[in-house]
Every structure is written in C-alpha cells, then in structure tokens.
Protein chains: 4
Amino acid sequence: MNTFGQLFRVTTFGESHGPAIGCVIDGCPPGIAIAPEEFRHDLDRRATGKTRHTSARHEADEVEILSGVYEGRTTGTPIALLVRNTDARSKDYDKIAAQFRPGHADYTYWQKFGHRDPRGGGRSSARETTMRVAAAVIAKKWLLEKSGVRVRGHLAQIGEVVPQAHDWNTLDWSVVEANPFFWPDATQVVELENYMDALRKSGDSVGARVTVVADGVPPGWGEPVYGKLDAELAAAMMSINAVKGVEIGDGFASIAQRGTLHRDEMTRDGFQSNHAGGILGGISTGQQVVCSVAFKPTSSLRLPARGMDVEGNEVDIVTTGRHDPCVGIRATPICEAMLALVLMDQALRHRGQCADVGEVSPRVPGSIRVGGP
Amino acid sequence: MNTFGQLFRVTTFGESHGPAIGCVIDGCPPGIAIAPEEFRHDLDRRATGKTRHTSARHEADEVEILSGVYEGRTTGTPIALLVRNTDARSKDYDKIAAQFRPGHADYTYWQKFGHRDPRGGGRSSARETTMRVAAAVIAKKWLLEKSGVRVRGHLAQIGEVVPQAHDWNTLDWSVVEANPFFWPDATQVVELENYMDALRKSGDSVGARVTVVADGVPPGWGEPVYGKLDAELAAAMMSINAVKGVEIGDGFASIAQRGTLHRDEMTRDGFQSNHAGGILGGISTGQQVVCSVAFKPTSSLRLPARGMDVEGNEVDIVTTGRHDPCVGIRATPICEAMLALVLMDQALRHRGQCADVGEVSPRVPGSIRVGGP
Amino acid sequence: MNTFGQLFRVTTFGESHGPAIGCVIDGCPPGIAIAPEEFRHDLDRRATGKTRHTSARHEADEVEILSGVYEGRTTGTPIALLVRNTDARSKDYDKIAAQFRPGHADYTYWQKFGHRDPRGGGRSSARETTMRVAAAVIAKKWLLEKSGVRVRGHLAQIGEVVPQAHDWNTLDWSVVEANPFFWPDATQVVELENYMDALRKSGDSVGARVTVVADGVPPGWGEPVYGKLDAELAAAMMSINAVKGVEIGDGFASIAQRGTLHRDEMTRDGFQSNHAGGILGGISTGQQVVCSVAFKPTSSLRLPARGMDVEGNEVDIVTTGRHDPCVGIRATPICEAMLALVLMDQALRHRGQCADVGEVSPRVPGSIRVGGP
Amino acid sequence: MNTFGQLFRVTTFGESHGPAIGCVIDGCPPGIAIAPEEFRHDLDRRATGKTRHTSARHEADEVEILSGVYEGRTTGTPIALLVRNTDARSKDYDKIAAQFRPGHADYTYWQKFGHRDPRGGGRSSARETTMRVAAAVIAKKWLLEKSGVRVRGHLAQIGEVVPQAHDWNTLDWSVVEANPFFWPDATQVVELENYMDALRKSGDSVGARVTVVADGVPPGWGEPVYGKLDAELAAAMMSINAVKGVEIGDGFASIAQRGTLHRDEMTRDGFQSNHAGGILGGISTGQQVVCSVAFKPTSSLRLPARGMDVEGNEVDIVTTGRHDPCVGIRATPICEAMLALVLMDQALRHRGQCADVGEVSPRVPGSIRVGGP
C-alpha cells in the first residue's frame, strides 16, 4: 500500500540510500501547467541541511519529470517524478545493519519481511516524504487555481514551547515563512534558536506539533462514513513518519468542553466559531479546515540506548548518522502536502458523484478559526 | 465510500429512521462458526436505553443473517447482516427537517447532496455504527481464535473527570464491564453517576475519551507508508461520529517528551516501555496496541442555539429528540469494533503478502503498557 | 470481491436458496427519482418461469428499498435493495450436496473454501445476477436522462442458429422485446420455438450469443491502460455466469481482416464504419458501443454425467432441479446491466478527472454499426 | 487507472517518445531473488527490431532497479523499474500531430483530455506493455518457484493462417520459441515468412490470435462473482493495445456446443476434457488455464486513409513511422505477462482469505487441454 488516494492517486517508491526516490501521480486532471522548477520551493522548505537545526544531509532534490507532462501541461496520464539520491552515506549505517534501533522500524520490518534494507532506514526513512511534497505541489496549484483553496501550515509547539497567546484569525503567514521553525510568532525565534542549540548539545531530541489549515474549501467536500474528510486527513497525517496523534479542530480539548460551547452556531453573518475545524459529518462546512499533528521526538540519538541485535544479543545502540533533533520542524510542508492531497482527491470524487448538484443556497459564510493550535 | 477494509471489507447501509440498517462483510475467511445470538453481547454494550445516562431510544437490534453462513459456519462469500429499525420516532424530527442543527451534518449533507433524509440525522446518525459493532463480532472471534488477539476498551475521561492514577498494566477489565461508563476505576462510579445526573439536568453535554487496546498482536501486522497500522487506526477512529482526535501510544504527550524517554528500549527480557503504543514504522511490535480517541460533546441539546433554515433565515434550534448527554460513553464498543476491523484486515493482508516469511527469531517479548490513558 | 465499480459501486450478496439476495449501491449521484416499481420491467425480462423455454422456478422478485432513497429520490448515500427468496426448493439439491456436478462451481468452491452452501449452487447461482439487473435500473435511468445514453441488447445466436442477414443499423428493437428469445428477426421465432422444444425434449442444452449496444455514448468515456472501457466491459461480461468469451466490435473476426478494412475512416460526415465497436485506446469514440458475449451450454442436465463425490468416489450425476436449456436467453438483460454499470461508473470517473475539459470540437459524428452480431 | 492488481499491484508510467517508461510493483512478497539481467529474456522476446517482421524501432530496454531490492532480493517494499527511451524518432510523427489517425487513440485522447502527447502515440503506444512484461518476470518466477505454475503462450492464427491440426496436449514449446512467430508448428514457418513478406510489401496489415496457457495452477485460485479469475483475465487481456476479443477455454465455440459435450466430466483418473479452460465459477479447477486473445490489424499504414485534423478538415492520413504489419506477433509475451500478473495477484489474495483452508482432498487430477487454440 504505497498508493494514496482514490482518484488522484500518488504512488511513491524508493529507499533512503537507494539509487533514487520517486512517485507516480495517476488520475491528475489534464491541462495543468507545471514545470520542473515549480517543485523547488516546497522541496527546499522540507529539505535538510539548510540550518543547523536539521540533519546535515544535503540532497539536491532535482526533480525529473519522466512522463505525463507534454509541452508544459499535464496530459491526464501518469506523471512520474524522479529524484536521484546523491548524498547517501551508507557507511554511516553499516555498523548497525544487524541491530534494531529502539524507536525505529528496524525490528518491525525485520519481523514482517524477514529481509530489509537497513541503509538509512531504507523505506521507513522520512526521505520518502520528499515525494509527497513534490506530488502535492501539483495538487496545491490546482486547488488554488480551480477552487481558491490555499493550504498552509506552521509549527505550534516544540518540546514544551508554545506560541505566545494571540489571535489565530490574524496569523501573519509571512512570519511563519521567515524563520527556520515555521513559527508563527517572530518574538520567540531567538528563544527557539537557543532552545534548539541546547538540545543539540545535550544529544537529546524533542517532539513538535504542526498545525495545517486550508482556507477557501467550499462546503461539500468529503464523504459520509468511511471516506470522511477528517478520517482521510487522520490517515494521511498518521502515515507520516513519527506522527503519534491527529486532531481536527479543537481535538482532545473537546472532551472537557460543553456542547453549548462546542457546537458552532450559525447566523446570517456566518459561523460564529469553528470548534469543529471546518468539518461536520465528515464533510467540509465552508470554514477553515484545521488539523493539528503530534510528532514524537526522534529516537536516533548519539546517547546510547539498550537494544537488541538480529541474533538476540543485547547491545548498546548509538546513532552516529545525521539526524534532526526535532523531526517535527521540517514536517510542516509534509503535513501541508498531505492536506493538499486529501483535498484534491476529495474534490475530484465530489464532482464525480455530485457534479449534478448546483450550488445550494444559502451558503453560510465562514472561516472563523477559534482556539489555539 | 461506505466500505471499510481491503481484504476484510465491511459495507454498511441504512438511515437512522429508515426501514433497516445492515452491512455486507466481504472477504471473510471460510469456516468461522457464527450464530445470530453471538452478536447480542456487543450490540447490547453499544445500545441506548439501558441506563438513564444514554438516549431513551430502545432498539431490539435483532440481527438477521441473510447470506454467507451455511450450517453455522462462514462460507467465504459475502455475509449480509440486517437489523430492522423498530423505535424510529420520526415525528420528533419533523419540525427541524428544514433547519440546520449547529454541530450536525445537516448543513454539510445539504450542501453536498442537495437532497437529504433529515429523520434522526439520516445516514449521519450514530445508528450506523451498530453494524460496525456487528461486523466486528466476527473479526474479534477470528482474531482471538486464530492469533490470540484480544481487543478491549474503556473510558478514560468524561468531561473533566479522569481515572484515579493507577497502574495500567494491572487494569481489571471486569471492573470496566461492571459499570455503565466502561470506567476502569470502581471507586469513581458514584461520582460519575452524580456528574452525569447533574449534566442531564443542566441540559448540556460533555465529551469523552475512549482508550482501546489489543493484546496479543504479533509483530509484523501493518504496512509501510500509506497502509500503516496506525494510519488505518486513525482513519477508522476518526470515521466514528463525533470523534475529533486520535492518539497512538503517548500521542500528543510525546511532543514534550525527550527522545531518551520516548524510545522504548529493548532487552532480552523484552521491551522496557511502550510509549509507541505497540507500533513502529506502521507495523506492530508485538506489544500491546494502544489507541486513544477524543469524542466531542453532542450538539443535540434542549438548550436553544442560533442556527439557520434552508431558506436562509436565522432560527433558534432546540432539539427535543432522545439524545445522549455524553455520546462517548457508548462509543467504547464502537472503538473496539474499529480496532478489530483494522487488525483483521491487516492480518489477512499480511499473510497474503508475507505468508512465506517464517517466524523470524528472536522475538522481543513485549506488552508493557506505560503512561496514562 | 463482490463489489463492482470504482465510483458507482455495486456490492451484491445472497445465495440461490438462502433467505434473500440483495445489493448495496454506493456512490450514486443524489437526486435521481426512483420507485420500487421501476425495477419490475427489467427483473421480469430476466426472470425464469415466464415461458417454457426457461427454468420453471418462479420468483416474485419484489424489491424492497432499505436505504438511500428519501421521498422518492436518491440521497447520495448507499442504496440497499433486498429481494426475498420465495421459491427455493432446496430438497431438489439435497441428494447432490456431497457431489461435484461437472461443469459447475461445486468442486472449485469446495477446494477454495472447504465449506460451501450447495443449495441451488449457493453463491455461484445465476440468481445473483438479479441484483445486477436491479442496480442497473438506476444506472440506465441516469445514463438516459443525463447523457442520452440508451443501453439495449439482443440474442445473436442460439446453438447453431443465427439471425438472417440484415442491416444492423436498422435493427427494430420492438421486435427484440416482442419474443421470448430477445431475437432481432421476427421471421425466425417459430423456428426457434421448435428448436428449443426439441432441445428440451432431448434433455440437452446449447449456448448462445448476446450482443449489447449503447447508443449515445459521448466521446471520452474510459481510461487509458488498465481502466480501459473495453477492459472493464470484458471483465463485467466475463463475470456473468456461463460466459466464455467477449468481443468488442468485430472481435475475433478482426484477426483475418486487413488494416485497410478494419480502421474506421473519418470524414466530415462522420465515421465511415464501426469495426472498432465504438472504442479506441480504451476510450469511447462517440459511436455505438458494441459488445458480444458467448454463453456456454448449461451443464445441469437430466442426462447423466460422470462425476465425483466429496469422498473421491466416481458417481453418475443427474440434475433433476429446474434449469434453463439455454441460459443465454435470459442473459440479455444481465449483459445490458453490466454494460450500464460500466458506463455509469466510467461517466462519473470521467467527470471526476476531466470535468474541466470543455467539449473539444470538432466532434466527428458517428454511430454506424457494421458487421454481424 | 494505471495500476493493475489488488495485492500484487503494478503501476506503469511513460510515453512512447518521452524520456522513459517504468513501473512500480507494490505488494511483492519479500525474499524473491531478482537481478537486472533476468528481465532480458522476456523483454527481448517482446522487442521490436529483431526480425524484418516487426517494427524497425530498436530499444535497448535496459532495466534499472531503483528500489525494493536489496542485496539481490526483494524487500517487500515497492520495486521501481526504469527503462530509458533511446530510439524515439519523434520527427516521424510531427506532421501528424494535428491529425487523428483512423483506428488510433488520437481522437479519443483528444476528446477526453483536451491535451495529448502525439509523439509515437504517447501513452497509448504499445511501448507501455514493456513494463508489463518486466513486472511479470518477477511474477513468473515466484509462481514457478512457489507453486510450480508455468505460464507460456504461442500464436494460434495470423490473418487467415492457422496451425495445422495437431494434438494440443503434446505441444512442443521449443518449437514456439525457435521461430519469430511464436508459432507452434515448425512446418509452417516458411509459409508464414512468405505470407508476412507479401503483406509488408502490400503495405497492409493483419490481425492475429494469441493463446496463453498456465500449467500447474492449483484448484482454488480466483474469487466468486466480480473477482472471478476469468473476469480478471478478460480485463487483463482486453487492456492490451489492439485486443478486440478474449476467450476462456472453448470460448465462442461453446455457443454451438451441447451441454453433454461441453461439461468436463470427472473421474478418479481426472478430468476427461477441458472445454472450460481450467476455470469454473471463476475459480481454477487444477487443470490447464487456457485463454485466447484476438488482435486487430494495426491501423498505422503507409496506404492512405481518410481522416480528420483537429480543426475539422478532412485529410489523407499516411503513416510513415516504423510499425508492425502484425502487432499480434510480438504480443505473445505480453499476453503471458498479463496471465502471470493475474495469477500472482489471485494467489496472494487466495492465501490472504483462505490460508486457513488446508488442502481439501480428494483432488481431481487434471490438465487435459482439448480443442483448438
């Protein structure tokens, strides 16, 4: 199951230290203008090696379009994208090829498949997410041009650090893009720099929270029951490496809320709040879609841990490869990508089934975001 | 998309106040002994009308097996289960047929489909989950008999109330089944009764947290990338009505953890902790699989809310039908059902692809559950 | 795999002599007017017991709509249809429950599943096709109303008997519907009556050819490579009981044709021929879609055959139940149904992916049907 | 829909004259030994440019394995195969970029997508089938090693020429592989050489029939109703370019047969015939699986045809590119590939659902092939 989506289907392949990674995008609408350089922006946002706060691995991530695009526009046939791996230092991993790193997929792949590619985590490496970001570049473009949908994300927690209280409805996205942490509050960036420096020196790691939002989603996207928009978002986010939790709207905070608070009242002026995160009954309301994602701290540390080897011996595991002290930082464009892929697929499915349905008036105006990240 | 699963596929149908609800289970292994009365136990656990803390609707929920079972055993062909609706008081809803209840799917279904069944919420009613529970009875049985996998759940929060601190590894499941709240701590039941009585009198509602666990899952179930065991669990849980968040293992608490804490060390004596919730790289580790789910407070209240009608007028919405003040309470068997359906499907998929792989030794013993709910 | 289709998905269930058969139609566009009595016409065309030339089993085939239709129109949620079995004489089959009838699925089901429902062939009975016909009633209606597509079929061979030579472009469909053989040539009906009477007396059976055509299919339906319109038609037809061959357009006759003959030339006046059967590269051309299907002679005969029983003994098999001497006769509405289901699904998929594509002019007029059945 | 299969899933991409073609094989069992040079044999059998009877295009077809194989064995993760296009003379096609070649997908792609890659037929070119053959190399290997299943094919008709009558049960496969026509009768090869030379000189083309068989398929592969083994074979074959018909076993000849002849009797010595082609009720019987496929004559001819251009003008179409006078000749390995892919997928699905079912004795011996091609 390396394919995501029903109508807009993305199949990824490739291992961290194999010759290449890539994807095939099937079911893409024809006629979308796309050039190789358009992948650059989001791949750079996701890339390692840009600041001292991420892994030192530096990949050029040059995207080659192998098919599905003719004279600069999609043809409706499968779009294959290829990225050669160039900075794969497999020797870094040789010594732990026969060991199971705690907190990694080494042990589970070995139990499942009996034979695995241990180099850089092989298929279980976050390098795979490069191709999700690449595929989503096309989805983001189509969503914006066809439906005015804009997908964006920011960090909302690093370790214990949370953004200063502010009004989420007036979030300044240029701030998010102007610092290496996708952080929404410019006044905290120095604090975070220091926090991360101290963490890196300690040899330890922390988790993070990423919040992604989609503005402009029309009401009606999503499907009842198992194809709910939020169900597919949950799967999409949880399929990202290191994710341990997903929330829609108020998420776990809803537990202690009262119904009189949580239910988003509607007036002629629009929705009065957005505790639901823009989705009711699995279908978009027309408000901002809000999804928040928990990333665990990476387990790849130079601080030793007790582990096992393939022969059943206890060993001390020390990871000396290049790793992120907080994998969640670079995850913002990945979460955006998954949100875009889900929306794109649901948009196509919606018009497949329901294109006959004209716009049903009146439409309740909406896009009030409430609550924290 | 009213079908769940790849090999063990469950398709549900039916509206809250239509003639019947039902499901078709396709891809079921042949030879499983199953009798109509075996559905009784879990359907009763899920049913309304048993205590004053749930909706007063009383449905007999008699399951008729229409196909796929011959002489008491499954034949490998589709199993159709049918439950007639008997206590559907549609008149309760007539007056709001032209209104959009805040916090409900009324508005989104109307925008998507242009035509909807408003009676009792129609397809968006939690009544649909009856058939998930029924289908999972077969899955639970197969999982236990073939693989020794046991799926169970309990409430872990109602509103602000959480279980008293205790050792989750010594959870007494008989306590959970002995009170109407699926609550793991017998000493708190009176408190909860009072809490719910006060809530019901107030006319308001609260959310809840359900935690489900699977013991005995062997290492190796789940698939890399998009078919990850945790990704499918996330979708499965988020597809349940009123769910706003899903966690695997430590979930959102992982954000503030350090990697040295979170990574579960392995020794010859087994895993030393289970922050991961029994899943690494999307594949089961052999430890207890732990998943926690947030339910929002129901929006159906007798306290009025501002809403809209189909003609664009502002109206006061008052819900006088029968509703649960805390929908999460009855959700425990539903969450168990979704966990069982995901595991069953992954088990079949695993042996489809990897049956050639013998048991890969050594296997790290495991099942330590750590942390709170 | 008891589900057919990608967006318009039909899941059938039920055994020949079980309590009921039924289907769930998922992904249906909302707003289609449908009433229970609309299923009557095509179910009657398919039904046994109408003339002496088909099985004597008489089923009322009363369709109950269990869900997905509200106030007479589809809601976009799953439509469940149920038909109770009323004339199931299982005693007819008791004596061969432990035997494998030659030419039947008895042996293969037993090898695959280890446990089977032998009554009337269980799941492998053609009774399952009742629900395909029922589901297709909705598809046919939508296709005609939305796109002007009309799906029809006729017999084109019974045993050695073929229609008299005539111009297929002037086929009179009222003739087809006016005789019990769906035969396009009224002058041959007496001959066929005599032929079938003699066959029935002999105790033997023959095969048949059914040809189905769709008029009005716009160019552009179908998908490249594996989702080709003709590939899905081939699977759809071959999934019908007793089918052994499928042709599109000229089919096997193409082998001995020259390319200069076969390629359908285009002029401003339209396609000059239709050897292709209305499909090129897996996508409809705008011409009549033509598909021809071979049915084998039924193996259920009162003339004894050598067979085996479940204990490995050789036995003489004599079938005394009620059977059709030519199963192909009643297959015409079934083949129509599968054609309609494929077209409906492809239509929805096409607008899902390509709704952005306006009508691309110029369109070559076309609907010339050439060649024999 | 450029993906084939449910568990063993092959996704292909690439255009005839684009930079590359390739495929991703997902769901492959782990541990299969595979080396790049193992693709050579079947790709050579399929390749053009080997004899004067096929297109002069010469492609090296060097397969690069990009992922999913580590230390020479499959890992269970997606296997990506890449073949660069090297002999793409797009200038051959420039002059007809704005024209619709009769009998080709030019017109239908243009109507569907509005934008197409005209170079060499783009995605609709038979060049795509290269990757089917490559993917099937792995399937063939696994089928043979795990289950003793051997997949082979031969031509059974070219234009009007059919093999001399002989006993199909004693077919000498070394003869098939020793002539450029995959022809089963060595005595006719000179005749065919002359036939093809005359055809090529005439500028015209003819169709062909390919028959593929699988020996050693155990009983039980295939699924009831829509996932029937024969239904999936029909779709698989019909998805190949230029195919117009598919038969299982006796196929269309069954129409005029009597049931007493067609039904394959069973005795303790085994099946007494194989009119069914090794499949009953959609499930394999244990006999030889026999499938026959009709290829139309290619429409790409230097003899002019009347056609249209994109502006609606009538034009004379002359194809001067390199083309096969009989595309069916090289189709033998392609049909074999599709048979292998279907069997592989069904084998995995069967053990997913039914691995619990032990071998059900007694098994009727079988592999008698009857009748002509």
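Just so you know, these numbers use all the heavy atoms, side chains as well, and skip hydrogens, waters and symmetry mates. Letters go in sequence order (proteins before strands), and every chain restarts at 1. This one's a predicted model, so the numbers in the text were calculated from it and none came from an experiment.
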Between chain D and each of C:Ala242, C:Gly159, C:Pro218, count heavy-atom pairs under 4.5 Å; write down the option with the most.
-> C:Gly159
What part of [X] gets within 4.5 angstrom of chain D, counting heavy atoms only: side chain, backbone, both, or neither?
| X | answer |
| --- | --- |
| C:Ala276 | both |
| C:His104 | backbone |
| C:Tyr107 | side chain |
| C:Thr3 | backbone |

So, the side chain of [X] versus the backbone of [Y]: is there a donor-acceptor pair under 3.5 Å, distance only?
| X | Y | answer |
| --- | --- | --- |
| C:Lys112 | D:Pro219 | no |
| D:Lys244 | C:Gly251 | no |
| D:Thr108 | C:Thr285 | no |
| C:Arg263 | D:Gly103 | no |
| D:Ser239 | C:Ala231 | no |
| C:Glu247 | D:Gly245 | no |

Basic-acidic side-chain contact under 4.0 Å: D:Arg258, C:Glu160 = yes
Do [X] and [Y] touch side chain to side chain, with heavy atoms closer than 4.5 Å?
| X | Y | answer |
| --- | --- | --- |
| D:Ile248 | C:Lys296 | no |
| C:Ser124 | D:Pro224 | no |
| C:Thr12 | D:Val225 | yes |

So for [X], is it side chain, backbone, both, or neither that comes closer than 4.5 Å to the heavy atoms of chain C?
| X | result |
| --- | --- |
| D:Thr129 | neither |
| D:Leu199 | side chain |
| D:Glu232 | neither |
| D:Val293 | backbone |
| D:Thr260 | both |
| D:Asp204 | side chain |

Out of D:Lys228, D:Gln353, D:Glu223, which residue meets the side-chain contact (heavy atoms from CB on, under 4.5 Å) rule with C:Met1?
-> D:Glu223
For the [atom1] atom of [X] and the [atom2] atom of [Y], what is their distance to the nearest 0.5 Å?
| X | Y | atom1 | atom2 | answer |
| --- | --- | --- | --- | --- |
| D:Leu301 | C:His262 | CG | NE2 | 11.5 Å |
| D:Asn2 | C:Tyr226 | CG | OH | 7.5 Å |
| C:Ile283 | D:Gln111 | CD1 | CD | 10.5 Å |
| C:Arg306 | D:Thr267 | CZ | OG1 | 6.0 Å |

Pick from D:Arg349, D:Gln6, D:His115, D:His350: which one has the most heavy-atom pairs with chain C under 4.5 Å?
-> D:His350
